Amino acid sequence: MQDEKGPQGLSESEAAARLKAEGPNLLPQPDKRTVLRIAVDVVREPMFGLLLAAGLIYLLLGDHEEALILLAFATLSISIAVVQETRSERVIDALRDLTSPRALVVRGGRQRRIAGRDVVRGDIVMLAEGDRVPADARLVSCNELLVDEALLTGESAPVRKMAASGAVVAMRPGGEDLPFVFSGTLIVHGQGRAEVTATGPLSEIGKIGTALGGIDSAPPPLRAQTKRFVRGFAIVGTLLAACVVVLYALTRHDWIGGLLAGIAISMSMLPEEIPLVLTVFMVMGSWRISRARVLTRRAAAIETLGATTVLCTDKTGTLTQNRMSVAELRVGDSVYRLDGGTSAAVPAPLGKLLNLGVLASAPDPFDPMEKAFHALASTDSDWTLEHGFGLSSELLAVTQIWKSPDRPGYIVAAKGAPEAVARLCGLTPDETAVMRGSVDEMATKGMRVLALAEGEHEGPFPSSALDLSMRFAGLVGLADPLRPEARDAVRECRAAGIRVAMITGDYPATAHAIATEAGLDVREVLTGAEIDGLDDAALRAHVRRVTVFARILPEQKLRIVQALKANGEIVAMTGDGVNDAPALKAAHIGIAMGGRGTDVAREAASIVLLDDDFASMVKTVRLGRRIYDNLRKAMGYILAVHVPIAGTALVPLLFGWPLILTPIHIAFLEMVIDPVCSIVFEAEGEESDVMRRPPRDPKSPLFSSGLVVWSLVQGILALGVVTGMFALAMSRGMSEPEVRALTFVSLVITNIALIFSNRSFSTSLLTALGARNLALWIELAAVGSILAVILFWVPARKLFRFGPLHADDLALAAGAGLGTLVVLELLKPLWRSRLAA
């Protein structure tokens, strides 16, 4: 342990030397990737590389329109990825700012206000009410010092501090009467003088920051699945394109034409719309979730919401309101529970107890418990505080002596630990035992219990509160009340198959009481001390059944989350303090409180509840499930629609027919229909059973076998219809431009039929048609208008190399599309069970 430096503190030269040797009181700057390096890493991914390569090929061939469109999508996707990577590193900066408040230190016998970053080990710091502690330090002296350590421990009430007596071993945050204060915590009452023992990364908050920087967020499962799908799609498309080039060149002796045909096949199979669809769904999903007062910081978390199996929630400020309030009053055999923090109906003898609590508190309190008394009672403003006795190691009680102008003598009021007040009042062992029974009963309900005493005094003030004549007045139970909406939110989560677990730094009795009141399935309470005695395998076994974790340290929160993940759970973690940040980042979905939460927690989280409303999580889960359902519909459509597009480009080569689709036709299909359809599917309403089914299996693929087979069935049927129209046009002796026009119109209409078929997996077409989806009708109007321009405006028709079509031709194409939809609706019931998300 560092020796005390005395009243002189360090000299300026000693402080400068230590600052140079040990570094500033900041977290170390992590190695950051440059924007260029991040961009290079992103481009190396197959989906982005394919987009860029395709764009460059078209640029070299002179197809500037197609090249620019592909390059624009590639640039958009890369930009989004770069922004997300860059934002993820801001958490360390937020933590660094928190660890560097201004500090009042003693240097060379003089007090100086310096920047927190300049505090060094061995400095003597002066602490007062309202100060943020600049570094970990050992208390040399203190007077009635109470510290809010919720950022590090999660405890809802401030903890009492005592000065060190001689050499003491370094201790962790949490608990009463410790001789240490910790960086980032807040002084809520009293004063103190402390010697700095650890700064920067060696402080408790610094250790959290170091752990946070070393946590790698798990890659989103959906992103990994689509990456594999795109890679497989690209490989098949590349091989097929190569075969087409060779086949065309050998059968038609035209290598340039073969190259163009190969490019057309590549475009028809290149799934460049998948990153676009993911982007649209994540952006629109973030917007929809924001309407529920929830901010999505990392859009990838949206995909995981529907798979969440365990929701790990903090207690303070999440399930509870993060404020102390008077919950119960006891005077003799009279017991009164306060509901909603109001004292309007409190009986007179118990109401007197509230006034006594105000008299035993500071006139202008900073302590949350003293604020609770002031919120419910008041004293005459003419009274004056004449004298007081603060907390001491000998007597854990506060005693204050007041003077009233309309009565002789003084009024004495005291509050403190029940044992201390019993001693102050001289209670007999039997009376103390009765009081102890009441205290224990209140403690099991999760309350912080204070005893109050009253008395009168004449003459000069004594040297000790123990010399006053006091009478025991009663007990007051204070609690951090449950949020009104928390119980219903927990119930809905459980109904949706989501297990709710509470992880808190508070005491087991308090945690058990709040968890029971909130409706959690409380089987047992596991404490941090017990977790320390478990290896990883044993902890994994415990977290399968335990729903309440108490007296948990930051690294233990992280272990709990990692144990749940090792069990195959998809973990969402809520929190608001610095101590929650590592677990927030390690969880699949980190959820921070936006109102009372710290910057560190918000930066580490994927989602922020803007109004700290736990019930918002239920809405978010519902939206997450809807988004995932609709994403599967969109992906199924994308897979289905590529079959007729690719087939229409390939069939003419196999049968010796003229080429129908060129890059501009495929570009029209890809860049008009597919992106708009992604918006259509995103706007679809939720399935009727969205919150009545359990979370989907985290290991279930987005492209399940049922979805893939059903998509191929749809695509093959559509290809058959389009090929039939192609053959019919050829048999009718139509010219090549007319054949191309009729085939293309048939392809567009059958694609629209695929959109309607994929709108819902669980309802009929008639029900789906009745569901409101404005985006669908806007899309149909847009596609119909563009198609009309292409068919009937001569310059556009020449650009697409179409011939004129007659009314009977258009009716035939429309009938083919309608027939496709009818057949698919007849087949859908056979696949419905395999399509369930």
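Throughout, numbering of the chain's residues begins at 1 and tracks the sequence. The model shown is predicted, which means the values in this text are computed figures rather than measured ones.
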Can you measure from [atom1] ([X]) to [atom2] ([Y]) and round to the nearest 0.5 angstrom?
X: L186; Y: D148; atom1: CG; atom2: CG; answer: 6.0 Å
X: E204; Y: F180; atom1: CD; atom2: CZ; answer: 10.5 Å
X: M442; Y: L329; atom1: CE; atom2: CG; answer: 7.5 Å
X: I514; Y: D506; atom1: CD1; atom2: CG; answer: 8.5 Å
X: C312; Y: L564; atom1: SG; atom2: CG; answer: 5.0 Å
X: F681; Y: I638; atom1: CZ; atom2: CD1; answer: 8.5 Å

Between [Y] and [X], is there a side-chain donor-acceptor contact under 3.5 Å, judged purely by atom types and distance?
X: S203; Y: D136; answer: no
X: E686; Y: N630; answer: no
X: R632; Y: S704; answer: yes
X: E569; Y: T309; answer: yes

Do [X] and [Y] come within less than 4.5 Å of each other through their side chains, counting heavy atoms only?
X: K315; Y: F549; answer: no
X: W710; Y: S757; answer: yes
X: T547; Y: R523; answer: no
X: E524; Y: V548; answer: no
X: I560; Y: I552; answer: yes
X: V159; Y: L178; answer: no
X: V546; Y: V525; answer: no
X: R330; Y: E441; answer: yes

Sidechain-backbone polar pair: [X] side chain, [Y] backbone, donor-acceptor under 3.5 Å:
X: K557; Y: G505; value: no
X: E530; Y: T527; value: yes
X: S711; Y: G636; value: yes
X: H588; Y: V571; value: yes
X: T516; Y: H512; value: yes
X: R626; Y: E684; value: yes
X: N758; Y: A634; value: no
X: R494; Y: G519; value: yes
X: T308; Y: V310; value: no
X: D314; Y: T574; value: no

Search all heavy atoms of [X] against all heavy atoms of [Y] and return the closest pair with its distance.
X: A683; Y: R288; answer: CA-NH2, 3.7 Å
X: A327; Y: A479; answer: CB-CB, 4.1 Å
X: A529; Y: Q556; answer: N-NE2, 4.5 Å
X: V561; Y: A583; answer: CG2-CB, 3.9 Å
X: L520; Y: V500; answer: CD2-O, 3.7 Å
X: R448; Y: P158; answer: NH1-O, 4.4 Å

Salt bridge (Lys or Arg N to Asp or Glu O under 4.0 Å) between R559 and D536, intermediate numbers included: CA-CA 8 Å; R559 280 192 68 197; D536 290 344; 3.1 Å; yes
Trace of the side-chain contact (heavy atoms from CB on, under 4.5 Å) decision for L526 with L539: CA-CA 10 Å; L526 189 65; L539 181 58; 4.3 Å; yes
Determine, for [X] against [Y], whether the closest basic-nitrogen to carboxylate-oxygen distance falls under 4.0 angstrom.
X: E517; Y: K445; value: no
X: D521; Y: R499; value: no
X: R540; Y: D535; value: no

Audit row: V326, V476, side-chain contact (heavy atoms from CB on, under 4.5 Å) steps and yes/no: CA-CA 7 Å; V326 177; V476 176; 3.8 Å; yes
Derivation and outcome, side-chain contact (heavy atoms from CB on, under 4.5 Å), residues L623 and L305: CA-CA 8 Å; L623 286 170; L305 283 169; over 6 Å; no
Side chain to side chain donor-acceptor pair (under 3.5 Å), paired with E687, selected from R625, R693, K633: K633
Test log, rule side-chain contact (heavy atoms from CB on, under 4.5 Å), inputs V621 and E492: CA-CA 10 Å; V621 169; E492 290 190 58; over 6 Å; no
Cation over ring face, R696 and Y628, 6.0 Å, 45°: yes
